[in-house]
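See below for the structure under consideration.
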Amino acid sequence: MSAVLDLLRPDLRDFAGYPSARKTQARGSVWLNANESPSPSPADEGRSLHRYPDPQPAELRSRLAGLYQVDVSQLMVTRGSDEGIDLLVRAFCRAGRDAVLVAPPCFGMYAVCARIQGAPLVELPLDDSNGTWSLDLAAVVKAVALQGVRLVFLSSPANPTGQALPLEQIRWLAQAIDGRAVLVIDEAYAEFSAQESACALVADFPALVVLRTLSKAHALAGARIGALIARPEVIGVLGNLSAPYPIAEPSALVALRALAPDSVAESLRRCGEATARRDALARRLGQLPCVGRVHPSDGNFLLVRFHCAEAAYARLLGAGIVVRDVRAMPGLGDALRISIGSDADCELVLATLAAENGA
Ligand SMILES: *Cc1c(COP(=O)(O)O)cnc(C)c1O
């Protein structure tokens, strides 16, 4: 058995999952094994949605593998990264015993999934006292060794703080905790950063997992399609834990269209424009009297500290602009997170805050 499977919950080691109708090896022309309707819905529009979908739509899986430059056997199609996070916590953490490590302020779903599974949460706060967010990697290694951590979740670029983790640090950490814990790099915003992806490292580190999504750069948040990239043995185990037919057929179809070469090129071009708008917005926000500091960002958002975040939030809301209030997160009591919208959205944010009269 591969070493990474030693980290799996022992009670799941021989678990084969639900033997769904689409998993059968049987081949035929009359399908009577899933209690489906024999004819499509009147609302169907020619999609054959009366049949259960392929649990891992083959063409979509291979297109995603091509996009992220990994082998098909290293990739699982997910209902967004959220499903990947949930499956990982279920697979590797026994309730009340095996901990999840996060570096707050960070994406909230890691802690939510840990909570639902009953897994202890170990928090190792990021430090921004030097003007850039940094993570104490040696402390991560120590926590893994001493606090029963089975899963380490880091996002790169990180939400809401914006910084990307250099690939050498990811490699160092994967090496340092190898055999003890699974390292998960959540790359939801990778397309907005010049930082190289960690996908290629999966071949070298059995306990490294990378999460990607079509929700941000590919503008398909509503379709719920993501990818989990890991060693084939990990993909196999997670497939057994997932829902029987996780990927809705209409979502798979629109994702396939989004992965046609022209669509990918257009999406990446738009990411380039968004990063340019982001950097321009950061510069201009930094000149406003109400703004204390704009954190550098490798994502499609800015983390902005205000002299009075309450007043800024209210002022934006008064103009109909809803930004993310992150003030409850550790160390962010004066901050708001602003997504990079259209040119007009950015102008409206600037005009609204400029009118704020030194708040
Ligand atoms: C937005 C985001 C995701 C995306 O989740 P999906 O379920 O794929 O939509 C994942 N991780 C982080 C850190 C995010 O900010």
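It should be emphasised that the depicted structure is a prediction, and the values quoted were computed from it without experimental measurement. When a ligand or atom number is given, it counts from 1 through the structure's own listing order. Sequential numbering from 1 along the given sequence is applied to the chain's residues. Below, each value reflects all heavy atoms present in this structure, side chains not excepted, and no hydrogens, waters or symmetry copies.
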With heavy atoms only and a cut-off of under 4.0 Å, state how [X] meets ligand 1: side chain, backbone, both or neither.
X: Glu83; value: neither
X: Met109; value: neither
X: Asp82; value: both
X: Ser81; value: both

[atom1] of [X]: more than 12 outside heavy atoms within 6.0 angstrom?
X: Arg327; atom1: CZ; value: yes
X: Glu273; atom1: CD; value: yes
X: Asn35; atom1: CG; value: no

Using a plain distance cutoff, I'd like to know if Ser155 has any nitrogen or oxygen under 3.5 Å from a nitrogen or oxygen of ligand 1.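 It does not: no N or O of Ser155 is found under 3.5 Å from an N or O of ligand 1.
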
When you compare ligand 1 with Tyr110, is there at least one nitrogen or oxygen pair between them that comes in under 3.5 angstrom? no

Give me the nearest non-hydrogen protein atom to [atom] as residue plus atom name, then the distance to 0.1 Å.
atom: atom 7 (O) of ligand 1; result: Arg224 NH2, 2.6 Å
atom: atom 2 (C) of ligand 1; result: Lys216 NZ, 2.4 Å
atom: atom 11 (N) of ligand 1; result: Asp186 OD2, 2.6 Å

Distance under 4.0 Å to a non-hydrogen atom of [X]: what atoms of ligand 1 satisfy this?
X: Asn159; answer: 13 (C), 14 (C), 15 (O)
X: Ser215; answer: 6 (P), 8 (O), 9 (O)
X: Ala188; answer: 2 (C), 3 (C), 10 (C), 11 (N), 12 (C), 14 (C)

Taking only distance into account, with no hydrogens and no angle test, what donor-acceptor pairs under 3.5 Å do side-chain atoms of residues 131-144 form with protein atoms, sequence neighbours excluded?
unit_1 : atom_1 : unit_2 : atom_2 : d
Trp133 : NE1    : His295 : ND1    : 3.2
Asp136 : OD1    : Ala138 : N      : 3.2
Asp136 : OD1    : Ala139 : N      : 3.1

Please determine whether a side-chain nitrogen of the Lys or Arg among Arg277 and Glu347 lies less than 4.0 Å from a carboxylate oxygen of the Asp or Glu. no

Salt bridge flag under 4.0 Å for residues Arg22 and Asp54: no

Output, in order, the C-alpha distance, side-chain angles, deciding distance and verdict of side-chain contact (heavy atoms from CB on, under 4.5 Å) for Arg293 and Asp128. CA-CA 12 Å; Arg293 176 162 160 219; Asp128 81 324; 3.6 Å; yes

For a quick test of your reading: what N or O donor-acceptor pairs under 3.5 Å do the side chains of residues 100-119 make, sequence neighbours left out?
unit_1 : atom_1 : unit_2 : atom_2 : d
Tyr110 : OH     : Asp186 : OD2    : 2.7
Gln117 : NE2    : Cys93  : O      : 3.0

